[in-house]
Amino acid sequence: LLLSLSFGTLLSCAGASDESRKLLWGNDISTEEGRSLGRLEIYEGEEAVNVVDAFVQNAELGNAIGFRSNLLDVVCESESITCSTRVPVVYRKTINDEHGKNLGAIEINENEEVIDAVVRFLRQSKVSV
C-alpha cells in the first residue's frame with residue numbers, strides 16, 4: 001500500500017471543503033506496484049470504513065480485504081478522521097410504514113447474519129410486528 005502523502009497534503013486536505021461538505025481526508029492511492037487507483041476522499045458525515053470499502057471494491061484488487069485493512073490503518077491515524085468501526089455496511093435500505101412514514105434504515109454489516117440486522121432494526125426503530 002503506497003500513499004502519496006506529505007504533511008502539507010494532509011493539512012490542506014483537512015481544511016479543504018466542497019460546496020456542501022467539508023473534506024476531512026483526501027489522497028491519491030496506489031498499489032505497492034505503483035498502479036494508480038485514483039483519489040480517495042472522505043467528507044464530513046461519512047463513515048471512513050464505508051468510503052474506503054467502496055473505493056477498494058471499485059479498484060478490483062486481488063487481496064481487497066488486506067488492502068482495505070492497510071488503507072484504513074492509514075486513514076484512521078489521521079487526526080481529522082474518527083473511525084468508529086472497521087466493519088463496512090454491505091447493504092442499506094430505508095424502511096417506510098404502510099403510510100409512507102420513514103421508520104429508519106436497516107443496515108447489514110459485512111459478515112453479519114441478516115436476521116441479526118433485522119432484529120437490531122426492529123429494536124432500534126421500535127416497530128411492532
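For reference, positions follow the sequence shown, starting with 1. What you are looking at is a predicted structure, and each value in this text was computed from that prediction instead of being measured.
- Remark: the backbone N or O of Lys101 is paired with a side-chain donor or acceptor of Asp97 at under 3.5 angstrom.
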Give the C-alpha distance, both sets of side-chain angles, the deciding distance and a yes or no for side chain to side chain contact (heavy atoms under 4.5 Å, CB included) between Arg123 and Val118.
-> CA-CA 9 Å; Arg123 287 182 179 156; Val118 170; over 6 Å; no
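- For Thr85 and Glu47, the side-chain atoms include no donor-acceptor pair closer than 3.5 Å.
- Looking at Val56 and Leu61, their side chains come closer than 4.5 Å, going by heavy atoms from C-beta outward.
- With sequence neighbours excluded, the residues that form a side chain to side chain contact (heavy atoms under 4.5 Å, CB included) with Lys93 are Tyr91, Ile95, Ile106.
- Partners of Ile65 under the side chain to side chain contact (heavy atoms under 4.5 Å, CB included) rule, at least two apart in sequence or in another chain, are Arg68.
- Separating the SG atom in Cys83 from the CD1 atom in Ile42 is a distance of 7.0 Å, to the nearest 0.5 Å.
- Looking at residues two or more places apart in sequence or on another chain, you find a side chain to side chain contact (heavy atoms under 4.5 Å, CB included) between Arg120 and Glu107, Asn109, Glu112, Ala117, Gln124.
- If you take CZ on Arg86 and SG on Cys76, they are separated by 5.0 Å, rounding to the nearest 0.5 Å.
- Remark: Trp25 CH2 to Glu77 CD distance equals 10.5 Å, nearest 0.5 Å.
- Legend: residues meeting salt bridge (charged side-chain N to carboxylate O under 4.0 Å, His left out) with Glu46, ordered by chain and number and at least two apart, are Arg21.
- Residues Leu40 and Val75 have side chains in contact (heavy-atom distance under 4.5 Å, counting atoms from C-beta outward).
- The side chain to side chain contact (heavy atoms under 4.5 Å, CB included) check on Gln57 picks up Asp53, with sequence neighbours excluded.
- For the pair Val87 and Val49, the minimum side-chain heavy-atom distance is 4.5 Å or more.
- Considering every non-hydrogen atom in both Ala48 and Ile81, the closest pair reads CB-CG2, 3.9 Å.
- Taking Asp116 as the reference, nothing meets the salt bridge (charged side-chain N to carboxylate O under 4.0 Å, His left out) condition, with sequence neighbours excluded.
- Ile29 places a side-chain heavy atom less than 4.5 Å from the side chain of Leu37.
- In this structure, CD in Glu41 is found 5.0 Å from CG in Leu23, a value given to the nearest 0.5 Å.
- Between the side chain of Ser80 and the backbone N or O of Leu24 there is at least one donor-acceptor pair closer than 3.5 Å.
- Counting only distance, with no hydrogens or angles, the side chain of Asn50 and the backbone of Val89 share a donor-acceptor pair below 3.5 Å.
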